[in-house]
Amino acid sequence: MDLLIDTCLMAGRVMIESGSEMYRVEDTITRIATNAGVPNSVVYTTPTGLFFGVKGQPVSEFRQINQRTINLEKVQRVNTMSRKFADHEVTLWQLHTALEDIDQNTTFFPLWLQVVGAMVVSAMFMVLFSGQYDWVDFAICGVIGGGGYLINYYLSLWTKVKFLGEFLAAFVIGVLAYGAVHFGLGQNINNILIGAMMPLVPGVPLTNSLRDLFAGHLLTGTVRAVEAFLTACAIGTGIGLMFRFFM
């Protein structure tokens with residue numbers, strides 16, 4: 001029973017920390033418990049904590065969620081191991097060991113590749129939203145978007161305050177866009193800002209909040225929606241201050 005509880009809580013913690021929807025987390029934990037011979041498990045999830053218990057037994061444990069990032073590869077790997085356990089391809093102990101490996105050794109994209117991805121996303125979204133194929137703004141928008149993503153990455157590490165990092169990154173992006181247009185490196189500051197902001201936009205949290213709300217997880221869906229709203233406010237405030245000081 002102790003091994004089952006630890007396995008279920010580890011699977012749920014890894015999925016929540018990696019950006020999974022709450023209904024998927026609860027479904028995965030319930031399936032693991034059922035396939036281990038415990039069909040009467042009780043699971044309750046929030047963005048900051050995870051509870052697991054068994055009906056009729058004085059067994060209940062809690063795991064705290066200390067961080068929330070986006071790493072869908074971890075979510076996919078946990079789901080894959082859960083399916084293997086359901087198909088009796090692995091034992092409970094092997095599942096526990098595999099989850100520990102997923103938690104500690106799953107590689108993530110290197111920082112330079114993340115910055116390149118942010119540059120591509122920024123430039124492409126500028127074209128998508130503005131409808132203008134301006135190659136001058138296309139290049140500078142990519143550079144500023146990648147720079148803003150890099151600033152947000154390091155500020156998040158140094159300050160440990162999510163919204164502060166996004167606010168300062170948005171402000172710096174605004175200043176860089178203004179400087180680029182002022183010195184003739186770009187032409188339309190609005191188009192540049194539209195694209196360069198996109199790597200900071202909380203698309204995954206907002207989507208997950210809607211999916212949780214539709215699945216009936218009202219508390220989690222509301223909390224994630226508020227988090228996405230605060231992120232949008234931080235980004236908007238950073239750009240607004242730039243316009244207030246420089247425009």
Side-chain angles (χ1 to χ4, degrees), residues 4-33 41-54 59-82 96 99-100 102-104 106 108-109 114 149 152-170 197-238:
L4 173 62
I5 293 174
D6 192 53
T7 301
C8 291
L9 289 173
M10 185 186 306
R13 179 182 58 79
V14 171
M15 294 180 72
I16 295 175
E17 290 180 349
S18 302
S20 176
E21 310 93 322
M22 292 302 172
Y23 75 87
R24 186 187 302 274
V25 175
E26 292 188 0
D27 180 69
T28 299
I29 294 176
T30 301
R31 290 177 182 272
I32 291 176
S41 61
V42 179
V43 185
Y44 182 73
T45 58
T46 70
T48 56
L50 172 64
F51 298 85
F52 180 85
V54 179
V59 178
S60 177
E61 284 199 28
F62 168 78
R63 288 291 186 276
Q64 186 176 3
I65 308 300
N66 297 316
Q67 61 180 355
R68 293 187 302 276
T69 60
I70 305 299
N71 191 339
L72 299 183
E73 182 178 357
K74 281 189 176 183
V75 178
Q76 183 271 331
R77 292 182 64 184
V78 171
N79 283 333
T80 299
M81 292 306 304
S82 174
H96 184 276
L99 291 176
E100 286 183 333
I102 293 171
D103 184 28
Q104 300 174 7
T106 300
F108 197 61
F109 295 108
Q114 297 179 49
Y149 179 88
N152 180 51
Y153 176 84
Y154 281 113
L155 286 176
S156 299
L157 293 179
W158 293 334
T159 64
K160 299 298 182 180
V161 180
K162 182 176 184 295
F163 304 115
L164 178 61
E166 292 161 348
F167 162 74
L168 294 176
M197 286 291 105
M198 291 311 298
L200 303 180
V201 173
V204 173
L206 182 59
T207 302
N208 285 348
S209 71
L210 294 177
R211 296 186 67 177
D212 283 330
L213 287 172
F214 293 154
H217 292 257
L218 302 182
L219 175 61
T220 300
T222 303
V223 169
R224 284 185 163 176
V226 170
E227 182 180 11
F229 175 75
L230 292 176
T231 298
C233 289
I235 296 172
T237 302

Worksheet entry | side-chain hydrogen bond (donor to acceptor under 3.5 Å, both in side chains) between Gln76 and Thr80, worked out | CA-CA 6 Å; Gln76 183 271 331; Thr80 299; 2.9 Å; yes

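- Paired with Asn152 under the rule side chain to side chain contact (heavy atoms under 4.5 Å, CB included), one option of Leu157, Ile235, Leu200 passes, and it is Leu200.
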Item to complete: Output, in order, the C-alpha distance, side-chain angles, deciding distance and verdict of side chain to side chain contact (heavy atoms under 4.5 Å, CB included) for Leu219 and Met22.
Response: CA-CA 10 Å; Leu219 175 61; Met22 292 302 172; over 6 Å; no

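- Residues Val54 and Val42 form no side-chain contact, since every pair of their non-hydrogen atoms from C-beta on lies 4.5 Å or further apart.
- Not a single side chain to side chain donor-acceptor pair (under 3.5 Å) links Asn208 to another residue, sequence neighbours left out.
- The salt bridge (Lys or Arg N to Asp or Glu O under 4.0 Å) test applied to Glu61 returns Arg63, not counting sequence neighbours.
- Here the straight-line distance linking atom CG of Leu168 with atom CZ of Phe163 works out to 13.5 Å at 0.5 Å rounding.
- By the 4.5 Å heavy-atom criterion applied to side chains, Val223 and Thr46 are not counted as neighbours.
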Worksheet entry | Verdict with reasoning, Thr106 to Arg77, per side-chain hydrogen bond (donor to acceptor under 3.5 Å, both in side chains) | CA-CA 9 Å; Thr106 300; Arg77 292 182 64 184; 3.1 Å; yes

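- Of all heavy-atom pairs between Ser209 and Ala225, the closest is CB-N, 3.5 Å.
- Separating the CG atom in Asp27 from the CZ atom in Arg24 is a distance of 8.5 Å, to the nearest 0.5 Å.
- The two residues Val75 and Ser20 have their closest heavy-atom pair at CG2-CB, 3.8 Å.
- Taking each heavy atom of Ile16 and Arg224 in turn, the nearest pair found is O-NH2, 4.5 Å.
- Here the shortest heavy-atom pairing between Phe62 and Gly49 reads CE1-CA, 3.6 Å.
- Side-chain contact between Tyr149 and Met198: absent, with no pair of heavy atoms (C-beta onward) separated by less than 4.5 Å.
- Among all heavy-atom pairs drawn from Ser82 and Ile32, the shortest one is OG-CG1, 3.7 Å.
- Using a 4.5 Å heavy-atom threshold, the side chains of Thr48 and Arg68 count as touching.
- Atom OH of Tyr44 sits in a sparse spot, with 12 or fewer heavy atoms from other residues, nucleotides or ligands closer than 6.0 Å.
- Looking at Phe51 and Val43, their side chains never come closer than 4.5 Å, going by heavy atoms from C-beta outward.
- Inter-residue side-chain proximity for Pro47 and Thr220 is flagged as met; some heavy-atom pair is nearer than 4.5 Å.
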Discussion item. Between Phe52 and Glu26, does the side chain to side chain contact (heavy atoms under 4.5 Å, CB included) criterion hold? Intermediate values first, please.
Written reply: CA-CA 10 Å; Phe52 180 85; Glu26 292 188 0; over 6 Å; no

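- Within 6.0 Å of atom CZ in Phe108, more than 12 heavy atoms from other residues, nucleotides or ligands are found, so the atom counts as buried in its surroundings.
- Looking at heavy atoms from C-beta onward, Leu9 lies in side-chain contact with Leu50 at the 4.5 angstrom threshold.
- Taken from CG in Leu4 to CD1 in Ile29, the straight-line distance is 10.5 Å, to the nearest 0.5 Å.
- Residues satisfying the salt bridge (Lys or Arg N to Asp or Glu O under 4.0 Å) criterion with Glu166, sequence neighbours excluded, are Lys162.
- Between Ala11 and Val78, the shortest heavy-atom distance links the atoms CB-CG1, 4.1 Å.
- When atom types are taken as modelled, the side chain of Glu17 and the backbone of Ile65 share no donor-acceptor pair closer than 3.5 angstrom.
- In this structure, the separation between CD1 on Ile102 and NZ on Lys74 is 9.0 Å, given to the nearest 0.5 Å.
- Asp103 is listed as a side-chain neighbour of Arg13, based on a closest heavy-atom distance under 4.5 Å.
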